[in-house]
Amino acid sequence: MADKLHFDLVSPERSLRSGEVFMVVVPGSGGDFGVLSGHAPFMSTIRPGAIQVFADDMGSTPQRIFIDGGFAEVNERGLTILAEAATPVEEINVEQVSRDLADARDAMRDAKTDAERAAVERRIARLEAMQAAATH
């Protein structure tokens with residue numbers, strides 16, 4: 001059996017997960033990346049999307065957790081994700097996300113300034129990522 005990776009997932013509210021896992025796949029800003037034990041050290045920002053946590057091996061069903069952005073750090077101790085917010089995918093209310101997305105698209109039509117449009121674009125991107133995570 002392969003070595004285990006120490007994984008910590010922390011949000012401003014609480015520590016969501018801490019322990020040994022086989023692998024974590026992270027939606028990095030530059031693309032998805034997988035982290036196994038012994039991975040080279042690096043840091044990355046995280047775009048909104050679902051991380052996949054493989055407890056045992058690649059044949060197991062991963063736990064999926066929606067991350068609303070944040071940072072990932074890989075070092076000799078393992079992987080730490082500092083998430084702006086995190087929600088297990090199975091707890092996402094798809095109907096509510098669809099309503100929120102429709103409201104955000106309406107808000108985009110009403111946005112008057114570049115700053116308002118940029119804020120609504122970020123909200124739409126987050127909601128679309130959440131919807132994709134919950135429906136796939």
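Atom set for the values below is all heavy atoms of this structure, side chains included, hydrogens, waters and symmetry mates excluded. We're numbering straight along the sequence, starting at 1.
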Using atom types as modelled, flag every donor-acceptor pair under 3.5 Å from a side chain in residues 37-45 to any protein atom, sequence neighbours excluded.
residue: Ser37; atom: OG; partner: Lys4; partner atom: O; Å: 3.4
residue: Thr45; atom: OG1; partner: Ser29; partner atom: OG; Å: 2.5

Only pairs at least two apart or in different chains count here, so list each salt bridge (Lys or Arg N to Asp or Glu O under 4.0 Å) that has a residue in [range].
{"range": "residues 122-136", "answer": "Asp68-Arg126, Arg105-Glu128"}
{"range": "residues 34-46", "answer": "none"}
{"range": "residues 20-49", "answer": "Asp32-Arg47"}

>> Under the rule for side chain to side chain contact (heavy atoms under 4.5 Å, CB included), what residues qualify as partners of Ala125, not counting sequence neighbours?
In response: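 Applying side chain to side chain contact (heavy atoms under 4.5 Å, CB included) to Ala125 gives none.
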>> Under the rule for side chain to side chain contact (heavy atoms under 4.5 Å, CB included), what residues qualify as partners of Gln63, not counting sequence neighbours?
In response: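 Partners of Gln63 under the side chain to side chain contact (heavy atoms under 4.5 Å, CB included) test: Arg17, Val53, Ile65.
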If you group Ile, Leu, Val, Met, Phe, Trp and Tyr by side-chain heavy-atom gaps below 4.5 Å, do [X] and [Y] land in one group?
{"X": "Phe33", "Y": "Phe54", "value": "no"}
{"X": "Leu127", "Y": "Val120", "value": "yes"}
{"X": "Val25", "Y": "Val21", "value": "no"}

>> Using every non-hydrogen atom in the two residues, find where Pro27 and Ala50 come nearest and quote the distance to one decimal.
In response: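 Answer, listing the atom of Pro27 first, then Ala50: CD-O, 3.8 Å.
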> Of all heavy-atom pairs between Met108 and Glu121, which one has the smallest distance, and what is that distance?
Replying inline: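 Minimum heavy-atom separation between Met108 and Glu121: CE-CG, 3.1 Å.
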>> Let me confirm one number: the CG-CG distance from Leu9 to Leu16, rounded to the nearest 0.5 Å.
In response: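 Going from the CG atom of Leu9 to the CG atom of Leu16 covers 4.5 Å.
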>> Test of understanding: with side chain to side chain donor-acceptor pair (under 3.5 Å), list the residues that count as partners of Arg99, not counting sequence neighbours.
In response: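 Only Gln96 meet the side chain to side chain donor-acceptor pair (under 3.5 Å) criterion with Arg99.
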>> Please enumerate all residues that pass side chain to side chain donor-acceptor pair (under 3.5 Å) together with Asp110, with sequence neighbours excluded.
In response: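 For Asp110, no residue satisfies side chain to side chain donor-acceptor pair (under 3.5 Å) once neighbours in sequence are set aside.
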Validation: residues 129-136 side-chain donor-acceptor distances under 3.5 Å, sequence neighbours left out:
residue: Gln131; atom: NE2; partner: Ser98; partner atom: OG; Å: 3.2
residue: Thr135; atom: OG1; partner: Gln131; partner atom: O; Å: 2.8
residue: His136; atom: ND1; partner: Ala132; partner atom: O; Å: 2.6

>> For Phe71, give me all partners under ring-ring contact (aromatic ring centres under 6.0 Å, His included), at least two apart in sequence or on another chain.
In response: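 In terms of ring-ring contact (aromatic ring centres under 6.0 Å, His included), with neighbours along the sequence ignored, Phe71 is linked to no residue.
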Determine all donor-acceptor pairs shorter than 3.5 Å in which one atom belongs to a side chain in residues 80-92; sequence neighbours excluded.
none

>> Does Ile51 form a side chain to side chain contact (heavy atoms under 4.5 Å, CB included) with Phe7? I'd like the steps, not just the answer.
In response: CA-CA 12 Å; Ile51 64 168; Phe7 172 56; 3.8 Å; yes
>> Please enumerate all residues that pass salt bridge (charged side-chain N to carboxylate O under 4.0 Å, His left out) together with Arg109, with sequence neighbours excluded.
In response: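 Salt bridge (charged side-chain N to carboxylate O under 4.0 Å, His left out) list for Arg109, sorted by chain: Asp106.
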> For atom CZ of Arg77, is the number of surrounding heavy atoms from other residues, nucleotides or ligands below 6.0 Å larger than 12?
Replying inline: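 No, CZ of Arg77 has 12 or fewer neighbouring heavy atoms, counting only those of other groups under 6.0 Å.
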> What's the verdict on side chain to side chain contact (heavy atoms under 4.5 Å, CB included) for Phe22 and Leu36, showing C-alpha distance, side-chain angles and the deciding distance?
Replying inline: CA-CA 6 Å; Phe22 175 71; Leu36 294 158; 4.0 Å; yes
